[in-house]
Amino acid sequence: SAVISQKPSRDICQRGTSLTIQCQVDSQVTMMFWYRQQPGQSLTLIATANQGSEATYESGFVIDKFPISRPNLTFSTLTVSNMSPEDSSIYLCSVVPPGLYTGELFFGEGSRLTVL
Amino acid sequence: AQSVTQLDSQVPVFEEAPVELRCNYSSSVSVYLFWYVQYPNQGLQLLLKYLSGSTLVKGINGFEAEFNKSQTSFHLRKPSVHISDTAEYFCAVSDPRGSYIPTFGRGTSLIVHP
């Protein structure tokens, strides 16, 4: 299994500012994803973080709003830019466990963001 | 495209009672199915998964789920719940012939009362 650490675990931010969330994995992983979990909603995939190249964004998410970096196989960051109260959510980093890929994911503990 | 419906947003139950959390999926192809649990202030943790074979799948913490292809369901059950089972439960589906990236349901909040 992989141990995933996310920072910060929670934060309260002002409208118009930006926040960068870090995701550190204790082993090299090929596939990393960023999800958003809004209150009472399903998990929504924001993007796939690709090592050494631009992230692949899902419909409704754009690089200007959610820039992602992945400099190596154990680390990624997600920035939430120009925040508004609608960005208040839990942001989750997830990785694919080693072996045959079935869709199973390991998750970090999440970063709980409140925008005032 | 696949979708997942969790029919109950909240399920209250008394301790030691049985519980069933319902999950239906929509897909035109064979799928892999998962149940995850999210305890308060934590990330998601895999409870169990169905890939192939026996339709009754056993997971951690005494939970089990049954895959029913004709009803496109994957309901989660536990014969006797504990206070510590209070958590959010998510059903997810992935397409083994597609990208494998899972689609999640909206979650069911299980609330166990003493």
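Chain letters run A, B, ... following the sequence lines, proteins first, then strands; residues in each count from 1. Source: prediction; values computed, not measured. Just the heavy atoms: all of them, side chains too, but no hydrogens, waters or symmetry mates, feed the values below.
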**Message:** Using heavy-atom distances under 4.5 Å, tell me whether A:Phe106 contacts chain B through its side chain, its backbone, both, or neither.
**Reply:** neither
**Item:** Residues of residues 44-58 of chain A contacting chain B, heavy-atom criterion under 4.5 Å, by residue number
**Value:** A:Leu45, A:Thr48
**Structural part of A:Leu92 lying under 4.5 Å from a heavy atom of chain B** = side chain
**Message:** Does A:Arg112 have more than 12 heavy atoms from other residues, nucleotides or ligands lying within 6.0 Å of its CZ?
**Reply:** yes
**Asked** Relative to chain A, which of B:Ser94, B:Pro102, B:Ser9 shows the most heavy atom pairs under 4.5 Å?
**Response** B:Pro102
Would you list the atom pairs, donor with acceptor, under 3.5 Å between side chains in residues 7-19 of chain A and any protein atom, with sequence neighbours excluded?
unit_1	atom_1	unit_2	atom_2	d
A:Arg10	NH2	B:Asn41	OD1	3.2
A:Thr17	OG1	A:Gln14	O	2.7
A:Ser18	OG	A:Asn82	N	3.2

**Request:** State plainly whether one hydrophobic cluster holds both B:Leu46 and A:Val25, where clusters connect Ile, Leu, Val, Met, Phe, Trp and Tyr through side-chain heavy atoms under 4.5 angstrom apart.
**Result:** no
**Message:** Count I, L, V, M, F, W, Y as connected when their side-chain heavy atoms are under 4.5 Å apart, and connections chain through other members. Are B:Phe63 and B:Ile83 then in the same cluster?
**Reply:** yes
**Request:** Look at the side-chain heavy atoms of Ile, Leu, Val, Met, Phe, Trp and Tyr, link any pair under 4.5 Å apart, and say whether B:Val37 and B:Leu110 land in one connected group.
**Result:** yes
**Fill in**
Most contact-rich option vs chain A, by heavy-atom pairs under 4.5 angstrom, among B:Ala92, B:Gly107, B:Gly105, is B:Gly105
**side chain to side chain contact (heavy atoms under 4.5 Å, CB included) assessment of A:Thr102 paired with B:Phe34** = CA-CA 10 Å; A:Thr102 62; B:Phe34 308 87; 3.8 Å; yes
**Message:** For A:Gln37 versus B:Phe90, what's the shortest heavy-atom pair and its separation?
**Reply:** NE2-CZ, 3.3 Å
**Single-linkage hydrophobic cluster, 4.5 Å side-chain cutoff, A:Leu116 and A:Met83 together** = no
**Message:** Minimum heavy-atom separation for B:Phe104 and A:Ser42, please, with both atom names.
**Reply:** O-OG, 2.8 Å
**Prompt:** A:Gln6 versus chain B, heavy atoms under 4.5 Å apart: side chain, backbone, both or neither?
**Reply:** neither
**Asked** With no hydrogens and no angle check, is any side-chain donor or acceptor of B:Tyr36 less than 3.5 Å from a backbone partner on A:Leu105?
**Response** yes
**Request:** Could you tell me which non-hydrogen atom of A:Phe33 sits nearest to which non-hydrogen atom of B:Ile101, and how far apart they are?
**Result:** CE2-CD1, 3.8 Å
**Asked** If two hydrophobic side chains count as joined below 4.5 Å and joins carry through other members, does B:Tyr50 share a cluster with B:Tyr89?
**Response** yes
**Message:** With a 4.5 angstrom heavy-atom cut-off, is it the side chain or the backbone of B:Leu44 that approaches chain A, or both, or neither?
**Reply:** both
**Asked** So which of B:Gln42, B:Gln6, B:Glu88 has the biggest tally of heavy-atom pairs under 4.5 Å with chain A?
**Response** B:Gln42
